[in-house]
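Comments concern the structure below.
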There are 2 protein chains.
Amino acid sequence: MAIGRPSSSSSQTPDPGAARRTSRARGIPEATVARLPLYLRALTALSERSVPTVSSEELAAAAGVNSAKLRKDFSYLGSYGTRGVGYDVEYLVYQISRELGLTQDWPVVIVGIGNLGHALANYGGFASRGFRVAALLDADPNVVGTAAAGLPVRHMDELEAIVAAQHVSIGVITTPPGAAQQVCDRLVEAGVTSILNFAPTVLTVPDGVDVRKVDLSIELQILAFHEQRKAGDEPAAGDSVLDRAPGPVRAAAAKLRRAAGGGKAAEQAKSAPTGKGPEDDLSAVMPA
Amino acid sequence: MAIGRPSSSSSQTPDPGAARRTSRARGIPEATVARLPLYLRALTALSERSVPTVSSEELAAAAGVNSAKLRKDFSYLGSYGTRGVGYDVEYLVYQISRELGLTQDWPVVIVGIGNLGHALANYGGFASRGFRVAALLDADPNVVGTAAAGLPVRHMDELEAIVAAQHVSIGVITTPPGAAQQVCDRLVEAGVTSILNFAPTVLTVPDGVDVRKVDLSIELQILAFHEQRKAGDEPAAGDSVLDRAPGPVRAAAAKLRRAAGGGKAAEQAKSAPTGKGPEDDLSAVMPA
DNA sequence: CCATCTTTGTGCACACGTTCACAAACGCAT
DNA sequence: ATGCGTTTGTGAACGTGTGCACAAAGATGG
Ligand SMILES: NC(=O)c1ccc[n+]([C@@H]2O[C@H](COP(=O)([O-])OP(=O)(O)OC[C@H]3O[C@@H](n4cnc5c(N)ncnc54)[C@H](O)[C@@H]3O)[C@@H](O)[C@H]2O)c1
Ligand SMILES: NC(=O)c1ccc[n+]([C@@H]2O[C@H](COP(=O)([O-])OP(=O)(O)OC[C@H]3O[C@@H](n4cnc5c(N)ncnc54)[C@H](O)[C@@H]3O)[C@@H](O)[C@H]2O)c1
């Protein structure tokens with residue numbers, strides 16, 4: 001089995017119209033863009049083995065996709081293959097790198113140097129594709145001044161100056177969710193136009209700013225959904241059979257639920273056993 | 001602006017047919033499943049504020065999606081709203097939790113307790129939705145025996161026993177990419193049927209096993225692509241104008257490239273400035 | 001009990017993404 | 001030069017996802 005869409009990691013846009021305008025500007029579908037890094041990784045591995053050419057079939061296998069899809073993806077970039085032979089590995093590495101904008105390097109700031117921020121700062125794969133950590137930033141005076149991965153942690157006060165001086169256009173947010181929107185606003189104000197958000201919050205940004213998010217908890221929940229299905233465990237029909245009924249029956253049930261307060265305690269306990277730990281999920285509140 | 005598809009974080013399936021079979025079994029589209037955790041988060045926040053009901057418009061705003069989409073998503077679960085009023089918050093929290101399988105708890109093992117593994121072990125949001133860390137595992141004798149987030153790091157030898165004893169069905173891989181496939185195979189062999197992979201590798205698994213991946217590097221590359229577009233920086237037409245030409249001209253160019261060895265050194269240097277650090281990307285090699 | 005107002009649930013049209021399948025293009029051997 | 005085997009590039013069909021727009025359902029006030 002294999003679940004989910006083959007598309008890239010989450011973005012948080014509710015507006016595919018914008019996506020179209022952005023990436024179809026000269027014709028590369030968003031789904032294709034999301035796969036280019038995958039191809040690039042496979043190609044880089046081939047390049048290191050000095051493999052000169054590769055067929056769509058081989059490369060597709062290495063990247064974990066369908067070969068027809070791969071060929072169509074490449075067709076959006078131009079005709080870089082040779083019929084009867086395949087693709088020139090080095091040339092394709094270059095073309096994809098160029099298309100993704102990896103022929104220049106991108107300074108990045110990481111804001112919130114806690115557990116996750118430290119891990120990211122230490123991550124080698126960062127630099128490997130032209131992403132340079134321009135600065136690590138935190139608001140906590142106890143953290144500021146310490147070093148992570150050889151870089152000093154700077155205070156948030158310096159954010160604007162750093163972004164301006166180093167022309168930083170990408171920011172990574174690894175603060176608690178409660179601080180994420182505020183940090184985001186400040187990054188945007190300072191001139192950052194792309195944000196990668198690890199905090200479980202919906203960020204609001206002005207037009208012209210891109211946000212992508214990575215959310216571990218969501219991934220696990222999706223896995224749990226499919227896991228439950230596998231167990232043949234139909235989601236426990238429970239007390240809700242009457243909700244499948246049409247008309248007045250359902251309405252009555254709804255009324256009852258509201259009147260009774262929904263049985264919050266019992267259901268809440270079941271749905272979120274809140275083990276321990278400082279639960280920091282409480283900031284994804286309604287903006288309006 | 002807002003880029004990308006509103007879909008969930010990355011899966012790595014090349015086979016949407018499987019997704020359909022799995023999730024449309026009783027009719028919930030994969031795209032909807034991926035949004036349910038988002039709704040749940042927003043609803044939980046409302047619940048904590050003791051808000052009794054919420055309209056699709058309000059909830060959609062809180063979750064960062066379109067209200068029509070939200071209503072359609074909920075319609076796959078059944079008719080849980082009340083026209084003229086909205087949705088009962090507590091009740092909806094319960095229904096979504098149930099649908100996602102969060103009314104039971106899911107023991108999880110984390111394999112590879114390095115930078116990232118530590119961060120995940122410390123992550124509070126883990127337990128908050130019924131995911132319990134059953135064990136932390138590592139192969140390095142220096143790491144085994146140390147504690148992370150109050151839990152002891154166990155040796156890989158114990159994997160099978162732990163998975164069996166605690167009925168673990170979800171595994172998280174945070175090892176270097178070179179070890180990921182091997183660890184994955186062992187997890188699957190031991191009985192794990194859902195895997196969340198943080199290593200930048202394409203994992204091959206048998207039918208019946210779900211894999212989702214989280215890849216920071218891919219996210220950054222997608223952001224870079226759009227960032228480049230914003231800069232009006234058309235991907236530097238460079239030397240490839242002749243590749244847009246049809247017919248024999250292109251063929252000749254291809255031949256030349258292959259003969260010349262593709263100019264590996266120069267282009268490689270541009271495309272991957274390989275700052276420093278132990279580059280661990282070198283395992284995404286061709287499986288075939 | 002009726003009128004009015006709000007909000008859901010969904011039919012429909014369209015956009016996007018995937019896959020099939022095949023003609024055209026190319027390398028290579030003869 | 002010609003023919004043969006291989007592989008690309010893409011037109012077309014299909015499936016999935018999105019968003020509009022509106023009828024129907026219910027709440028509420030008189
Ligand atoms: N740890 C994980 O594995 C993990 C996994 C998924 C998501 N997350 C999310 O990532 C975020 C960070 O997680 P963590 O475990 O590293 O948390 P953490 O508490 O260890 O680190 C947060 C850091 O942000 C800093 N900070 C707080 N407010 C700030 C502000 N206004 N400006 C700048 N810095 C500020 C804090 O000083 C702290 O150093 C959280 O939102 C968490 O939900 C973490
Ligand atoms: N650090 C990050 O922020 C980050 C971000 C994105 C992706 N990643 C990826 O996550 C993975 C882990 O990154 P990291 O920075 O924590 O690396 P790390 O080197 O700090 O930790 C890896 C751990 O895995 C253990 N390990 C190695 N081989 C193993 C095996 N066969 N079985 C069990 N354990 C084994 C090692 O002992 C080590 O403790 C890597 O694949 C990396 O590319 C890391």
Side-chain angles (χ1 to χ4, degrees), chain A residues 4-8 13-21 23-24 27-35 53-60 65-88 92 243 246-255 258, chain B residues 4-8 13-21 23-24 27-35 53-60 65-88 92 243 246-255 258:
Chain A
R5 319 194 75 255
S7 66
S8 84
T13 176
D15 180 7
R20 211 176 319 123
R21 254 171 280 127
S23 64
R24 273 280 167 82
I28 302 184
E30 190 59 30
T32 295
V33 172
R35 281 187 295 267
T53 61
V54 65
S55 72
S56 64
E57 205 70 51
E58 295 167 312
L59 185 54
V65 303
N66 177 303
S67 72
K69 190 166 9 188
L70 177 142
R71 287 198 298 278
K72 181 140 287 191
D73 283 343
F74 286 174
S75 80
Y76 293 115
L77 308 185
S79 288
Y80 295 145
T82 305
R83 294 173 194 227
V85 176
Y87 299 90
D88 181 285
L92 203 45
D243 289 292
V249 186
R250 248 199 55 251
K255 192 170 207 168
R258 242 171 302 135
Chain B
R5 318 196 75 256
S7 64
S8 83
T13 179
D15 180 6
R20 211 176 319 123
R21 254 171 282 127
S23 64
R24 274 278 167 82
I28 303 186
E30 190 60 30
T32 295
V33 172
R35 280 187 294 266
T53 62
V54 65
S55 72
S56 63
E57 205 69 51
E58 294 167 315
L59 185 54
V65 303
N66 176 305
S67 73
K69 191 168 6 190
L70 178 142
R71 286 198 300 275
K72 181 146 288 192
D73 284 342
F74 286 174
S75 80
Y76 293 115
L77 308 186
S79 289
Y80 295 144
T82 305
R83 297 175 192 224
V85 174
Y87 299 91
D88 181 287
L92 202 45
D243 289 289
V249 185
R250 248 200 55 251
K255 189 171 206 165
R258 242 171 303 136

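We use all heavy atoms of the structure for the numbers below, so side chains are in, but hydrogens, waters and symmetry mates are not.
- When all heavy atoms of S67(A) and S56(A) are compared, the pair lying nearest together is CB-O, 3.8 Å.
- Straight-line distance from the CD atom of E30(A) to the C1' atom of dT18(D): 16 Å, rounded to whole Å.
- Atom CG of L92(B) is separated from atom OG1 of T53(B) by 11.5 Å, given to the nearest 0.5 angstrom.
- Atom CG of D88(B) is separated from atom P of dT7(C) by 16 Å (rounded to the nearest Å).
- A pairwise comparison of heavy atoms in L59(A) and L70(A) identifies CG-CD1, 3.7 Å as the closest pair.
- The separation between L70(A) atom CG and dT18(C) atom C1' is 13 Å, rounded to whole Å.
- Remark on DNA chain C: of its neighbouring residues R71(A) and T32(A), the 5'-side contact belongs to T32(A), judged by nearest-heavy-atom nucleotide.
- Considering only side-chain atoms of P29(B), the nucleotide from dG17(D), dG9(C), dT19(C) that sits closest is dG17(D).
- Judged by distance alone, with hydrogens and angles left aside, K72(B) brings no side-chain donor or acceptor close enough to the base of dG9(C) to form a pair under 3.5 Å.
- Look at CD on E57(B): it is 13 Å from C1' on dC20(D), rounded to the nearest Å.
- At whole-Å resolution of the value, NZ in K69(A) and P in dA12(D) are 22 Å apart.
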What does the list of N/O pairs under 3.5 Å between the protein and nucleotides 3-7 of chain D look like, with a distance for each?
from	atom 1	to	atom 2	distance (Å)
dT7(D)	O4'	G84(A)	N	3.0

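- Taking each heavy atom of S55(A) and E58(A) in turn, the nearest pair found is N-OE1, 2.9 Å.
- What separates CG of N66(A) from C1' of dG9(D) is a distance of 14 Å, to the nearest Å.
- Contact between Y76(B) and G27(B) at its shortest, heavy atoms only, is CD2-O, 3.5 Å.
- Every residue meeting the ring pair (Phe, Tyr, Trp, His ring centres under 6.0 Å) condition with F74(B), not counting sequence neighbours, appears here in chain and number order: Y39(B), Y87(B).
- Both D73(A) and A68(B) lie near DNA chain C, and the one whose nearest nucleotide falls closer to the 5' end is A68(B).
- Taking 4.5 Å as the limit, some side-chain heavy atom of L77(B) sits within range of a side-chain heavy atom of I28(B).
- With rounding to whole Å, F74(B) atom CZ is found 10 Å from dT8(C) atom P.
- When the nucleotides dG17(D), dT18(C), dG9(C) are ranked by their closest atom to the side chain of R35(A), dT18(C) comes out on top.
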